[in-house]
A.B. asks: 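Have a look at this one.
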Amino acid sequence: MFGERKTVVQNIQGFFVKPPDPKELVRKWQSDIRKEQRNLEKQIRDNSRLEKVAQKQIREAAKRNDMASAKTLAKELVHTRRMTTRLWTNKAHMMSMNSQLTEQLGMVKVAGTLKQSTQVMKVVNDLIKVPELNQTMQQLSKEMMKAGLIEETMGEMMDDVFDTDDIEEDADAEVDKVLTEIAGETLEQMAAAPRSKATPARAVAPTQEDEAADAEAEDLQARLNAIRN
């Protein structure tokens, strides 16, 4: 008897609970999306700085005829560029979803309710697969389903978007292309130069600029490794 009364009271309370304002929901979702966009933009900037440092190090390694180091750096650069491409793609998806939500906001002002959107659902399914965005997109998808904007999402998180298996298949071609792009002129000059007996290289003390560049590269690399893991 007591349980039945409790259920009745809960039902009555639920009847009088004011439903969330669709306009406030959309604005909240757009705020979450903009936050993630800023995070993506920061990662893109970090990648750009890391790429410049790697290019400089590749040229220096080529001048020393240290092709093993140059090739290792070039391979890392391939990883960084692919990562940047993914980041740009993810940002484009988020911009598309933000645009769709702006349209929803306009319809809410006219009709007072949200309209189910297959476009938003498609973008959510794409972004929910990205490990860095999975937590945010899971929360957004739950809120959007509850509000009737989308149906149940079908996307599953990718095993590892930074898995190196896909790179290994064509790594040699891409690495050679990067080496030619960055250090091709230096390599051609070395190949054309007359060969002579090798002389021991003189040790050169690193300058403050070199040390600062190395420290920056290590810091950026640590951040990228944290993102990948």
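Numbering starts at 1 and runs along the sequence shown. Please read all numbers here as calculations on a predicted model, not as lab measurements.
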A.B. asks: Would you name the heavy atoms of Val26 and Leu101 that are closest together and state the gap between them?
C.D. replies: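 Scanning both residues completely, I find the closest heavy atoms to be CG1-O, 3.5 Å.
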A.B. asks: Output the distance between atom CG (Asn134) and atom CG (Leu127), rounded to the nearest 0.5 Å.
C.D. replies: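 CG of Leu127 is found 10.5 Å from CG of Asn134.
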A.B. asks: Checking Lys71 now: which residues fulfil salt bridge (Lys or Arg N to Asp or Glu O under 4.0 Å) with it, not counting sequence neighbours?
C.D. replies: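 Per chain and number, Lys71 pairs via salt bridge (Lys or Arg N to Asp or Glu O under 4.0 Å) with no residue.
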A.B. asks: Among all residues two or more places apart in sequence or in another chain, which pass the salt bridge (Lys or Arg N to Asp or Glu O under 4.0 Å) test with Arg81?
C.D. replies: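 Arg81 satisfies salt bridge (Lys or Arg N to Asp or Glu O under 4.0 Å) with Glu51, Glu181 only.
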A.B. asks: So, for Val175 and Lys75, which heavy atoms are closest and what is the spacing to 0.1 Å?
C.D. replies: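 Closest heavy-atom pair between Val175 and Lys75: CG2-CA, 3.7 Å.
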A.B. asks: Exactly one of Gln43, Gln37, Glu41 should register a side chain to side chain donor-acceptor pair (under 3.5 Å) with Lys91. Which one does?
C.D. replies: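 It is Glu41; the other options fail the test.
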A.B. asks: Cut-off 3.5 Å, side chains only: do Thr80 and Asn47 have a donor facing an acceptor?
C.D. replies: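 No.
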A.B. asks: Would you find a donor on one side and an acceptor on the other, under 3.5 Å apart, between the side chain of Ser48 and the backbone of Ile44?
C.D. replies: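 No, the answer is negative, given that no donor and acceptor are paired below the 3.5 Å cut-off.
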A.B. asks: Looking only at non-hydrogen atoms, find the nearest pair between Ala74 and Val178 and report the distance.
C.D. replies: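 Heavy atoms only, the tightest pair is CB-CG1, 3.8 Å.
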A.B. asks: Return yes if some donor-acceptor pair links the side-chain N/O of Ser141 with the main-chain N/O of Gln138 below 3.5 Å, else return no.
C.D. replies: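 Yes, the answer is positive, given that a donor and an acceptor are paired below the 3.5 Å cut-off.
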A.B. asks: So which atom in Ser96 and which in Val123 form the shortest heavy-atom distance, rounded to 0.1 Å?
C.D. replies: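 Minimum heavy-atom contact is OG-CG2, 4.1 Å.
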A.B. asks: Applying salt bridge (Lys or Arg N to Asp or Glu O under 4.0 Å), can you list everything that pairs with Lys28, at least two apart in sequence or on another chain?
C.D. replies: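 If we apply the salt bridge (Lys or Arg N to Asp or Glu O under 4.0 Å) test to Lys28, skipping adjacent residues, the hits are Asp32, Glu143.
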A.B. asks: Restricting to side-chain hydrogen bond (donor to acceptor under 3.5 Å, both in side chains), what partner residues turn up for Gln135, sequence neighbours left out?
C.D. replies: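 side-chain hydrogen bond (donor to acceptor under 3.5 Å, both in side chains) check on Gln135 returns nothing, list empty.
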A.B. asks: Do you reckon Met95 sits in the same ILVMFWY cluster as Val130, going by side-chain contacts under 4.5 Å, direct or chained?
C.D. replies: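 Each belongs to a different hydrophobic cluster.
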A.B. asks: Output the distance between atom NZ (Lys109) and atom CE (Met107), rounded to the nearest 0.5 Å.
C.D. replies: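 It comes to 12.5 Å.
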A.B. asks: Taking Ser31 for the side chain and Arg27 for the main chain, is one N or O donor matched with an acceptor at less than 3.5 Å?
C.D. replies: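 Looks like no, no N/O pair under 3.5 Å.
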A.B. asks: With the side chain counted from C-beta on, respond yes when Trp29 and Leu149 share a heavy-atom pair under 4.5 Å apart, and no when they do not.
C.D. replies: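 Yes, their side chains come closer than 4.5 Å.
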A.B. asks: So, taking the atom named NE2 in His93 and the one named CE in Met137, what distance separates them when rounded to the nearest 0.5 Å?
C.D. replies: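 Taking NE2 in His93 and CE in Met137, the distance rounds to 10.5 Å.
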A.B. asks: Using the rule given for side chain to side chain contact (heavy atoms under 4.5 Å, CB included), can you reason through Val124 versus Leu140, listing the C-alpha separation, both sets of side-chain angles and the distance that settles it, and then say yes or no?
C.D. replies: CA-CA 8 Å; Val124 170; Leu140 281 178; 6.0 Å; no
A.B. asks: Once you round to the nearest 0.5 Å, how far does CG of Leu73 lie from CD1 of Ile182?
C.D. replies: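 Going from the CG atom of Leu73 to the CD1 atom of Ile182 covers 9.0 Å.
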A.B. asks: Please test Ile128 against Leu133 for side chain to side chain contact (heavy atoms under 4.5 Å, CB included), starting from the C-alpha separation and ending with a verdict.
C.D. replies: CA-CA 6 Å; Ile128 209 169; Leu133 301 174; over 6 Å; no
A.B. asks: Compile the donor-acceptor pairs under 3.5 Å between side chains in residues 111-121 and protein atoms, sequence neighbours left out, one pair per line.
C.D. replies:
{"unit_1": "Ser117", "atom_1": "OG", "unit_2": "Gln119", "atom_2": "N", "d": "3.4"}
{"unit_1": "Ser117", "atom_1": "OG", "unit_2": "Gln119", "atom_2": "OE1", "d": "3.4"}
{"unit_1": "Ser117", "atom_1": "OG", "unit_2": "Val120", "atom_2": "N", "d": "3.1"}

A.B. asks: So Asp126 and Lys122, side chain to side chain contact (heavy atoms under 4.5 Å, CB included) or not? Walk me through it.
C.D. replies: CA-CA 6 Å; Asp126 288 335; Lys122 181 180 183 303; 3.4 Å; yes
A.B. asks: Give the minimum heavy-atom separation between Ala147 and Leu25, together with the two atoms involved.
C.D. replies: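 Heavy-atom minimum between the residues: CB-CD1, 3.9 Å.
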A.B. asks: Calculate, to the nearest 0.5 Å, the distance between atoms CE and CD1 belonging to Met67 and Ile58 respectively.
C.D. replies: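 Answer for the CE-CD1 pair, Met67 versus Ile58, is 9.5 Å.
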A.B. asks: Distance from Glu36 atom CD to Arg38 atom CZ, nearest 0.5 Å?
C.D. replies: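 If we round to the nearest 0.5 Å, Glu36:CD and Arg38:CZ are 9.5 Å apart.
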A.B. asks: After noting the C-alpha distance and the side-chain angles of Leu50 and Leu77, does the key distance pass the side chain to side chain contact (heavy atoms under 4.5 Å, CB included) rule?
C.D. replies: CA-CA 9 Å; Leu50 183 62; Leu77 187 55; over 6 Å; no
A.B. asks: If hydrophobic clusters are built by linking Ile, Leu, Val, Met, Phe, Trp and Tyr wherever their side-chain heavy atoms come under 4.5 Å apart, do Leu105 and Met94 end up in the same one?
C.D. replies: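 Yes, one cluster joins them.
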A.B. asks: If the condition is salt bridge (Lys or Arg N to Asp or Glu O under 4.0 Å), which residues does Glu151 pass it with, not counting sequence neighbours?
C.D. replies: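 With sequence neighbours excluded, Glu151 shows a salt bridge (Lys or Arg N to Asp or Glu O under 4.0 Å) to no residue whatsoever.
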A.B. asks: With a 4.5 Å cut-off on side-chain heavy atoms, are Met97 and Met144 touching?
C.D. replies: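 A side-chain contact exists here, since the closest heavy-atom pair is under 4.5 Å.
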